[in-house]
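Each ligand, and each atom within it, is numbered from 1 in the order the structure gives.
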Amino acid sequence: MTSPRFPEGALIGVLTTQPLDRVLDYRAPPGGCAAGDHVEVPFGPRKVTGVVWGAGAGDYDPAKVKSAIRVLDIPAMRAPMREFLGRVADYTLTPMPAMLRLATRAPGLTDPPGMRKIFRRGHGQPGRMTPARARVLDLLEEHDGMGFMLGELADLAGVGSSVVKGLVASGAVAEEEAPRDVPYPSLDPEMPGKALTGDQAMAAARLREGIKAGRYGTTLLKGVTGSGKTEVYLEAVAACLAAGRQALVLLPEIALTAEFLTRVEARFGAKPAEWHSGVTTTERRRCWKMVAESGAQLVVGARSALFLPFADLGLIVVDEEHDTSYKQEDGVLYNARDMAVLRASLEKAQVVLASATPSLESWVNVQAGKYARVDLESRFGPAVMPEMRAIDMRGEEVPSGSWISPSLKGAVRERLERGEQSLLFLNRRGYAPLTLCRACGHQIGCKHCDARMVEHRFLKRLMCHQCGETAPMPETCPNCEVTGKLAAVGPGVERITEEAQALFPDARVTVLSSDLFGSARALKARILEIAEGAADIVVGTQLVAKGHNFPKLTLVGVIDSDLGLQGSDLRAAERTFQLMRQVAGRAGRAEARGTALLQSFQPEHPVIRAILSGDEEGFWAAEAAARRAAGVPPYGRMAGIVISSPDMQAAFDLGNRLARLDAPLRRIGAQLFGPAPAPIARVRGRHRVRLLVKAEKTAPLQAALAEWAAQLRLPANLRLAIDIDPQSFL
Ligand code: ADP
Ligand code: ZN
């Protein structure tokens with residue numbers, strides 16, 4: 001399908017990133033243009049860029065319509081991509097300019113092609129090392145061989161550009177002329193992959209079929225960690241590349257990219273393109289352009305890679321599809337997993353959703369026949385699923401201020417004697433979640449939020465996990481001013497580390513928590529050391545649940561399995577189930593069979609019982625039935641509305657007015673709850689008020705919400721965010 005062409009002077013509609021909720025009329029520039037072309041247009045006294053969206057509406061005084069200046073030398077936005085942006089905007093109630101910003105988030109797109117100067121680590125050493133120089137060199141080493149532009153390098157290192165130039169003079173930094181935006185090295189899909197086991201081969205064949213057919217389809221690829229899901233979906237990538245189409249692999253966490261790049265290089269002979277916040281702006285621009293010009297066959301990236309301008313996208317893999325980080329929690333509120341399915345359906349592409357513990361939504365879509373499902377039954381090689389048992393904490397003697405039960409301690413000791421590793425898992429960063437004054441009972445909270453300050457003993461500071469505010473650990477109670485009475489209450493990973501070290505003074509105990517590492521690279525290096533045996537006991541947060549390999553690990557002890565079972569979140573049970581199974585899956589990946597021990601005060605809880613019995617289908621069926629009965633997602637629809645303001649009363653007033661104006665919602669049979677203070681009622685000094693809308697699955701929720709919200713003009717200082725299918729209820 002070719003896009004309609006508009007001869008010079010014809011009326012066109014141009015979508016810009018300016019915050020106006022409509023497409024603006026212009027006249028086609030000299031030489032004409034076509035729908036999808038990126039164009040430069042006058043906008044007030046400025047020039048801005050936009051995309052030709054179609055014919056102009058003609059509702060603007062023809063005498064005032066200005067002419068577009070020129071068509072930019074960037075590949076036009078294809079029709080499926082334009083439709084994708086429109087559909088995501090409608091679904092998430094996002095204005096189109098914000099969608100366009102998401103789709104053109106690559107700096108310097110309009111710069112003319114040519115050469116440019118880039119800076120990398122050179123062979124020389126600086127004559128004299130200064131802290132500023134060291135920062136520049138550290139940064140370059142951190143980004144292994146990557147080139148930076150001068151301004152970018154200076155900014156990132158926090159130095160003036162003269163510091164970089166000084167380093168160039170001594171040869172410590174090399175200045176080079178490089179062509180802009182060269183294609184990525186080509187990947188060879190014909191290189192042989194690993195010899196697959198029976199069910200791996202069958203799974204790969206199923207995925208290849210979909211690719212060969214060149215149509216849309218979504219497949220849930222389920223298998224425990226280590227069963228070879230990555231190996232199998234790389235076969236689908238190979239088939240896609242062989243068919244001459246592009247592939248996209250989404251990962252939930254940047255820290256996982258490095259291992260994946262290595263695997264792609266081993267499988268296809270070169271590294272893929274990368275798109276995430278850890279990539280330099282120059283590389284991002286190259287990635288964006290090459291994706292559009294077919295100079296990149298495979299992209300590995302974070303959720304925003306979904307908005308790259310693929311020339312011919314044939315496959316999207318969403319790895320760890322259940323991961324909550326796929327839901328964008330600020331800016332445009334979209335769920336990358338669901339939007340991947342939408343994009344693929346518009347591109348006639350295949351989707352692979354890979355997980356050991358799929359989301360209930362995906363499980364339900366399989367049951368309904370919308371998705372196909374392929375299971376990998378066993379782990380690759382000799383390893384089997386760990387044995388899982390509960391430790392009933394009601395029968396254990398645990399002194400106050402301690403959390404490791406005698407039973408768990410005994411199990412760790414056995415591992416130490418055999419030279420194997422143990423993991424103690426607790427999903428709580430820091431030393432203690434609460435600091436309490438024993439003199440007056442005061443709990444130290446954040447100045448800006450309704451959250452408690454969490455003690456981080458390694459950093460010797462208190463930190464708010466909501467807004468990031470930190471403060472030195474006080475000696476004196478800020479409330480009653482008594483000294484020496486502040487006490488840590490409850491455990492965080494740092495405190496468990498301390499306890500484990502005291503119990504096993506000769507063991508090498510280490511802690512893995514995202515806040516303790518300066519960079520993703522330092523964290524990855526530490527994970528590799530641990531995998532190779534640099535620690536006997538690893539204490540870790542959720543971070544360790546995400547797909548790292550620890551071959552010597554044979555015991556997982558979950559410190560608090562009950563954490564997360566409580567709470568108002570409708571997905572609490574599902575999350576606990578997934579997290580516990582993911583963590584347990586860390587044990588026994590190589591030769592030895594692993595054991596997972598779950599400390600719990602309520603081992604008879606249905607979720608704990610389902611985890612232990614390994615009856616996943618049973619758990620899902622029960623959870624699905626409960627959600628269906630309650631009319632909540634995925635059987636009903638929900639939208640969260642958060643109003644925030646520096647003034648609590650103003651936020652409530654707006655919430656109450658909206659609640660009274662609920663006719664558009666009532667017309668579709670939706671129910672409105674609230675306004676109520678949000679569970680975290682204050683963040684960064686803004687008071688937050690929440691409303692919740694519940695509707696039947698087939699109700700036209702977005703249209704009703706749009707009509708409802710449009711009844712009021714937002715006063716300055718108030719913000720209103722609508723979150724369709726909210727994942728988090730904070
Ligand atoms: P998952 O993605 O399900 O966690 P992986 O694909 O990462 O599993 O596989 C786990 C480990 O087993 C990896 O190191 C992988 O290279 C290896 N592996 C899986 N299948 C095979 C196979 N058929 N032949 C050789 N090694 C395999
Ligand atoms: Zn705070």
(request) Go through ligand 1 atom by atom and flag the ones less than 4.0 Å from a non-hydrogen atom of L196. (result) 23 (N)
(message) Only heavy atoms of R263, strictly under 4.0 Å: list the atoms of ligand 1 that pass.
(response)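 So the answer, numbered in order with elements, is 5 (P), 6 (O), 7 (O), 15 (C), 16 (O).
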(request) Would you please indicate yes or no on a ring centroid separation below 6.0 angstrom for F307 and Y334? (result)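 Aromatic pair counts; centres sit under 6.0 Å.
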(message) Check R267 with E231, please: is the shortest side-chain N to carboxylate O separation under 4.0 Å?
(response)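 Looking at R267 together with E231, the answer is no, because their closest N to O distance does not fall below 4.0 Å.
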(message) One residue to check: K229. Relative to ligand 1, which of side chain, backbone, both or neither has a non-hydrogen atom less than 4.0 Å away?
(response) both
(request) Just let me know how V224 lines up against ligand 1, side chain, backbone, both or neither, with a heavy-atom cut-off below 4.0 Å. (result)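 Only the backbone of V224 comes within reach of ligand 1.
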(request) Looking only at distances, please establish whether an N/O atom of ligand 1 is found under 3.5 Å from an N/O atom of A195. (result)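 Among all N and O atoms of A195, at least one is under 3.5 Å from an N or O of ligand 1.
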(request) Check the surroundings of atom CZ in R389: do more than 12 heavy atoms from other residues, nucleotides or ligands lie under 6.0 Å from it? (result)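 No, CZ of R389 has 12 or fewer neighbouring heavy atoms, counting only those of other groups under 6.0 Å.
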(request) Verify the neighbour count for atom CE of M191: are there more than 12 heavy atoms of other residues, nucleotides or ligands below 6.0 Å? (result)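 Yes, enclosed.
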(message) Taking only non-hydrogen atoms of S227, do any sit less than 4.0 angstrom from ligand 1?
(response) yes
(message) Tell me whether the rings of F577 and F619 are parallel (<30°), tilted (30 to 60°) or perpendicular (>60°).
(response)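 The arrangement is parallel - the two ring planes meet at less than 30°.
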